[in-house]
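In this text the structure is predicted, and so the values were computed from the model without any measurement. Naming: A, B, ... by sequence-line order, numbering from 1 per chain. We use all heavy atoms of the structure for the numbers below, so side chains are in, but hydrogens, waters and symmetry mates are not.
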There are 2 protein chains.
Amino acid sequence: MSRPTLSIPGDPPSDLWVGDLDLPLLTGLTQEHDRVAVLADQTVYQLHGALLGPLADSPTHQVPPGEECKDFKQLEAALNFCAASKLSRRSMLITLGGGATSDLGGLTAALFKRGLTVAHITTTLVGQVDAAIGGKTAIDMVTGKNLVGAFHMPRAVFADVRFLETLPDTELRAGLGEVVKCALLQGEQALQQLEQDAAALIEGDRDALERAVRMGAGLKVEVVTEDPRENGRRKLLNLGHTFAHAIETCTGHGTVPHGIAVAVGLKMALDASQSQGILTDQTLPLRLEQLLLALGLPASVAALDLDPCPSASDLWQAMAHDKKGAVGRPEFVLLAGPGAGQWDIAIEESVVNELWNL
Amino acid sequence: MSRPTLSIPGDPPSDLWVGDLDLPLLTGLTQEHDRVAVLADQTVYQLHGALLGPLADSPTHQVPPGEECKDFKQLEAALNFCAASKLSRRSMLITLGGGATSDLGGLTAALFKRGLTVAHITTTLVGQVDAAIGGKTAIDMVTGKNLVGAFHMPRAVFADVRFLETLPDTELRAGLGEVVKCALLQGEQALQQLEQDAAALIEGDRDALERAVRMGAGLKVEVVTEDPRENGRRKLLNLGHTFAHAIETCTGHGTVPHGIAVAVGLKMALDASQSQGILTDQTLPLRLEQLLLALGLPASVAALDLDPCPSASDLWQAMAHDKKGAVGRPEFVLLAGPGAGQWDIAIEESVVNELWNL
């Protein structure tokens with residue numbers, strides 16, 4: 001078996017391969033299991049199902065594309081599919097799709113018979129740098145994103161950037177929002193590389209994309225290895241996300257793609273870092289704004305051009321019920337500079353008001 | 001805080017108190033949490049809700065009595081209740097009810113925001129010696145019991161035998177089925193004590209019940225401490241259960257109460273232990289039969305008086321899809337003698353046929 005690109009230690013480990021999908025390797029992994037089934041985003045399945053080779057003969061359950069699949073009805077249907085496919089605890093569920101698909105499939109695998117093995121063939125940039133890695137799974141509730149979920153580490157993740165060629169432009173840009181977050185957390189070198197690659201990335205250059213995936217996935221693997229249950233350092237990965245989730249909640253999920261909301265959230269997190277006196281690298285906010293611009297991403301709520309535009313108070317209400325933090329006391333990740341994040345920082349409503357009016 | 005009767009180590013530990021419900025202690029525990037909510041079996045709530053004292057002012061969600069609450073619709077409703085009660089990861093959910101209630105409440109707590117604290121006030125004998133302890137949670141699917149679930153350790157379990165006074169007779173006897181299982185696994189001394197206490201137990205004698213709860217819960221705590229994820233020794237607790245689950249699946253869940261099915265399953269497990277040459281204590285099958293009789297429990301499928309009675313082949317089919325074991329290869333726990341169990345033992349269909357015709 002070829003060596004994984006990255007690996008989260010465990011028994012068994014959670015291995016990640018970046019590069020062309022190695023079908024013999026995946027087939028080899030399935031042979032350690034008594035049965036195999038596939039849970040696939042229907043759009044991705046139509047475009048790329050053939051890439052599964054002999055695995056395409058396995059029982060397959062198609063789910064609605066994107067975030068639409070992350071609800072209770074779909075979870076129940078996926079679990080019924082596992083039962084109908086007579087999967088055991090020693091079976092393997094393979095997901096084919098983006099972050100929403102691996103979230104639903106991962107939760108299904110966590111719950112069926114209290115846990116079977118899952119592997120993700122992750123086909124979006126958000127999936128490849130973030131969602132499919134590290135075992136966080138979830139579905140949405142009407143009252144908020146990812147409110148129902150579990151930790152369930154995938155046995156294997158396959159990140160092949162060729163899948164990104166068929167990704168709608170908005171989805172690619174949304175993924176770049178997460179890539180920017182990773183670079184800010186990774187440090188100066190990663191940020192410079194991303195600034196250099198910006199033009200190539202929005203043109204879908206394969207080498208630039210693979211560099212970005214390696215960088216982002218590398219950060220995620222490193223952080224998750226250190227703190228799998230998000231008791232400490234893993235919280236760093238929420239940089240920009242408390243703001244982003246609030247934007248998504250206020251506008252109704254699906255209106256603003258997650259990664260686009262993250263782009264805006266990153267800028268708000270830097271502004272908050274500045275207003276709280278945490279930011280030491282004063283060039284960073286402008287530098288971030290230019291990078292987001294170069295990647296075709298918005299750097300402010302105004303740039304989202306929302307109608308109606310949520311108020312600062314709406315945003316605060318949504319943040320006050322974020323999963324992280326106690327009720328009424330949302331917690332934020334702020335930055336001192338590239339690679340220098342701090343977590344568990346409470347901000348007052350008045351600060352959020354100011355940011356909103358910037 | 002008074003010392004727990006038993007404790008499963010962890011951070012925090014999972015503490016169990018056997019005895020009169022210590023309300024100040026429970027209230028003290030809730031004060032470590034930002035909010036408290038209650039999920040209660042509606043029958044138990046009507047009978048005993050007042051025992052919650054000041055906690056009765058917390059948001060409360062009543063669920064249908066017994067196994068009826070263990071389905072998808074109820075899980076979704078319970079999660080919506082958590083959202084409506086604005087619980088955070090630092091909140092505590094308290095369940096009040098039997099094993100089904102703690103199963104549903106435990107799974108709800110495992111999934112809401114990927115996990116909040118749960119405490120069980122467990123009001124049935126099955127709950128007190130088994131279901132509420134050790135963190136296994138689940139709901140049922142049409143195709144089988146407990147097919148959807150998670151491991152989520154309760155922070156605290158309160159086992160007060162006064163609740164058993166209002167338990168229907170069938171429920172008490174069902175619980176005694178689990179108590180017999182515990183004694184068989186615990187060893188000669190526990191078995192002798194149970195034989196002595198049999199008459200007092202079916203009369204609902206409080207001291208005898210508390211002895212049985214301490215013995216059963218003690219075994220469970222010991223085994224779960226050693227093997228929390230059921231990779232090895234925890235499987236012992238499934239003694240009689242592969243047979244019992246098959247009986248329940250074949251007759252439709254709810255027709256034969258779980259603990260009653262376990263009583264029959266225990267006798268089948270001993271017969272299988274004998275036919276496989278594992279049993280060294282040849283007096284045990286008859287001794288078990290007499291103990292079951294003394295406790296008003298059936299010792300054979302025939303004694304269940306089912307119409308229609310499932311065939312050996314129906315039973316085998318159900319066992320072949322048990323959660324434990326690979327597909328088509330059910331695994332059993334067999335006994336050499338009191339306190340001497342063995343797990344992961346495969347039995348052929350022909351052996352099951354013979355047992356059926358005994």
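Side-chain contact between Lys113(A) and Arg90(A) is absent, with no heavy atoms from C-beta onward closer than 4.5 Å.
Between Arg233(A) and Glu222(A) a salt bridge is recorded (basic side-chain N to carboxylate O distance below 4.0 Å).
Chain B forms more heavy-atom pairs under 4.5 Å with one residue of Leu111(A), Val142(A), Thr137(A) than with any other, namely Leu111(A).
Considering Val36(A), Leu29(A), Val118(A) as possible partners of Ile94(A), the one that fulfils the side chain to side chain contact (heavy atoms under 4.5 Å, CB included) test is Val36(A). With His241(A) as the partner, the side chain to side chain donor-acceptor pair (under 3.5 Å) test is satisfied by one option alone out of Glu178(A), Lys235(A), Lys145(A): Glu178(A).
For Leu107(B), the part lying near chain A is the side chain, with the backbone staying farther off; criterion is any non-hydrogen pair under 4.5 Å. If you measure heavy-atom distances from Thr108(B) to chain A, you find no contacts under 4.5 Å at all.
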